[in-house]
Visitor: 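The structure that follows is given in the form of C-alpha cells.
Reckoned from all heavy atoms, side chains included, excluding hydrogens, waters and symmetry mates.
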Amino acid sequence: MRTTSRALRFRTLEDLLVEAPRSAADLARMLGVSVRTVQRDLDALADLGHTLEKRGRRYHLAPSSTALNPVEALAVHSATRLLVHHTRVNERHYRSALTKLSRQLPQPARRFLEASVADIETLSSEGSRTLDMVAQAWFDGRVLRFDYAAPIGSGRPHPYELEVYFFEISPMNLAPYVIGYERSYFHAVRTLRLDRMAHARLLDERYAVPDDFDPHAHLASAWGIVAGKPLEVRVRIRATATRHVLGRRHRSLRIDATTDEGDVIATITCGQDKHGVPIDLLPWVMQWGPAMSSDVQAYALWRRPALRSG
C-alpha cells in the first residue's frame, strides 16, 4: 500500500487496530511506512487519549461505544445502502468506512452490510487511486491535476487543474462528482464526474475553499448535478403517467395546470452545461417516452450523435 498523508494514515491506523490486534511490523507493511514511523504514530495515538492494549507484540484499539436507538440505526442503515449502491470501485478506505459503520448497527442490518462489503471486494479496483487523490486534495487543500474526457465533444481527454470545493453524489444516477475551481482552462467552478478523470496527481500548490462557497446554493438550480445557467422547460405529462411521474416529485418541478383530459402541464427548472444542454434532464424526460412531451425531447433526438460521442 503506498504512503498516504499523515492524517489519512492516522485514520487508517485506527481502523486497522480496531479490526484486529496487529504488530508494528504488520502495520508498517499495510501502511507502506517504516516500523519506526508506526511506533511514532502509536505514541501519538496514546498522547491523543486513545487506550492502546498491547498483547505481546500486537497492539489493539477498542472501538468507541455509540449506542443507536432503532430509528437512528435505520437512518445509518439507509445511508450505508446509498453508499453501497453508488460504490463503483473496490476502494479499501470505502470498505473500511462501511465496516466501521456496520459495527454501529444491530442485527440483522449488521450482517447484511458486512455481506455488501464482501461484495465490493469483488469489484475492480480500477479508479480507486483517483478517489484516493480526490480525497487527499480536498482534505489537505492541494491542487489536483488530471486528464478529463468530457461527455460531449471530441472525447479526447484534456489536462485540468482543480481546487476541490465539494464532493457530491448525483441523486439521479448515484455517480460521484467533484465540484471545484478549474484553474487551467475554464477559470471557473465546474462539476466533473469522477470516473471521467484519469492520471490524477497532487501538486504542491495549496488552496483554501472560499468562505462564500455554498454547495447547496450552487446546486439550487440543478435537476441532478449540473449547476449551470438555469433553464425552464415546459412539459406535458399524460394522464396515464401522472401518478408515476409525480409520485416522487422533484423540488424543481412546478405544476402549472391540469387539462380536461387529466394531463398535467408543468415547468421544470434545471441547469445546463457549457454547451447549453440540460444534460441531467434529458434522460429523465426521455425515459417516459410518449407519456411525456417537451421541447427537450426533440432537442435530444437532434443532438443524439453528439450526446453519444462522450
Visitor: Could you tell me if T267 and R254 have a donor-acceptor pair between their side chains, going purely by distance under 3.5 Å?
Guide: yes
Visitor: Angle class for the W288/W284 ring planes (parallel below 30°, perpendicular above 60°, tilted otherwise)?
Guide: perpendicular
Visitor: Kindly give the heavy-atom pair with the smallest separation between L101 and L113, and that separation in Å.
Guide: C-CD2, 4.3 Å
Visitor: If you take all heavy atoms of L144 and A137, which pair is closest and at what distance?
Guide: CB-CB, 4.0 Å
Visitor: Of all the heavy-atom pairs spanning S102 and E114, show the shortest one and how long it is.
Guide: OG-CG, 4.0 Å
Visitor: Nearest 0.5 Å, what's the OG1-CG distance between T37 and L27?
Guide: 12.0 Å
Visitor: What's the spacing between M172 CE and H250 NE2 if we round to 0.5 Å?
Guide: 6.0 Å
Visitor: Does the gap between the ring centers of Y94 and H86 come in under 6.0 Å?
Guide: yes
Visitor: Have a look at L61 and tell me which of D15, L42, L17 forms a side chain to side chain contact (heavy atoms under 4.5 Å, CB included) with it.
Guide: L17
Visitor: Can R58 and D26 be counted as an ion pair, charged N to O under 4.0 angstrom?
Guide: yes
Visitor: Return the CE to CG distance between M133 and L194, rounded to the nearest 0.5 Å.
Guide: 12.0 Å
Visitor: State whether the number of non-hydrogen atoms from other residues, nucleotides or ligands found under 6.0 Å of R251 atom CZ is greater than 12.
Guide: yes
Visitor: If you round to the nearest 0.5 Å, how far is CD of E53 from NE2 of H60?
Guide: 5.5 Å
Visitor: For S170 and E168, which I'm curious about, is there any donor-acceptor pair between the side chains at under 3.5 Å?
Guide: no
Visitor: Considering residues, nucleotides and ligands other than R57, do more than 12 of their heavy atoms fall under 6.0 Å from its CZ?
Guide: no
Visitor: Look at the aromatic rings of Y148 and Y160 and report parallel, tilted or perpendicular, splitting at 30° and 60°.
Guide: parallel
Visitor: Any chain of hydrophobic side-chain contacts (each under 4.5 Å) joining V164 to F139?
Guide: yes
Visitor: Considering only residues two or more places apart or on different chains, which pairs with a residue in residues 206-221 satisfy side chain to side chain donor-acceptor pair (under 3.5 Å)?
Guide: none
Visitor: For R145 versus P159, what's the shortest heavy-atom pair and its separation?
Guide: NH2-CB, 3.7 Å
Visitor: Flag yes if more than 12 heavy atoms outside F213 fall under 6.0 Å of its CZ atom; otherwise flag no.
Guide: yes
Visitor: Between D195 and R88, is the closest basic N to carboxylate O distance under 4.0 Å?
Guide: no
Visitor: Which heavy atom of T12 sits nearest a heavy atom of R92, and at what distance?
Guide: CG2-NH1, 3.4 Å
Visitor: Assigning hydrophobic clusters by single linkage (Ile, Leu, Val, Met, Phe, Trp, Tyr; side-chain heavy-atom cutoff under 4.5 Å), is V189 placed with Y185?
Guide: yes
Visitor: In terms of hydrophobic clusters joined by side-chain contacts under 4.5 Å, are V134 and V89 together?
Guide: no
Visitor: I'd like to know if the side chain of R81 pairs up with that of S116 as donor and acceptor (distance under 3.5 Å, no hydrogens or angles considered).
Guide: yes
Visitor: Given the rule in the side chain to side chain contact (heavy atoms under 4.5 Å, CB included) test, do L281 and I268 qualify, once you have shown the distances and angles that lead to the verdict?
Guide: CA-CA 9 Å; L281 184 61; I268 293 174; 3.9 Å; yes
Visitor: Using the rule given for side chain to side chain contact (heavy atoms under 4.5 Å, CB included), can you reason through L131 versus F167, listing the C-alpha separation, both sets of side-chain angles and the distance that settles it, and then say yes or no?
Guide: CA-CA 10 Å; L131 186 63; F167 186 84; 4.0 Å; yes
Visitor: Provide the closest heavy-atom pair for S128 versus N90 in the form atom of the first, atom of the second, distance.
Guide: CB-O, 4.0 Å
Visitor: Is there a path of hydrophobic side-chain contacts, each under 4.5 Å between heavy atoms of I, L, V, M, F, W or Y residues, that connects V35 with L31?
Guide: no
Visitor: For H199, is there any backbone N or O sitting under 3.5 Å from a side-chain donor or acceptor partner on D147?
Guide: no
Visitor: Please walk me through it: do D132 and Q136 pass side-chain hydrogen bond (donor to acceptor under 3.5 Å, both in side chains)?
Guide: CA-CA 6 Å; D132 188 3; Q136 291 189 59; 3.0 Å; yes
Visitor: For the side chain of R22 and the backbone of L16, is there at least one donor-acceptor N/O pair under 3.5 Å apart?
Guide: yes
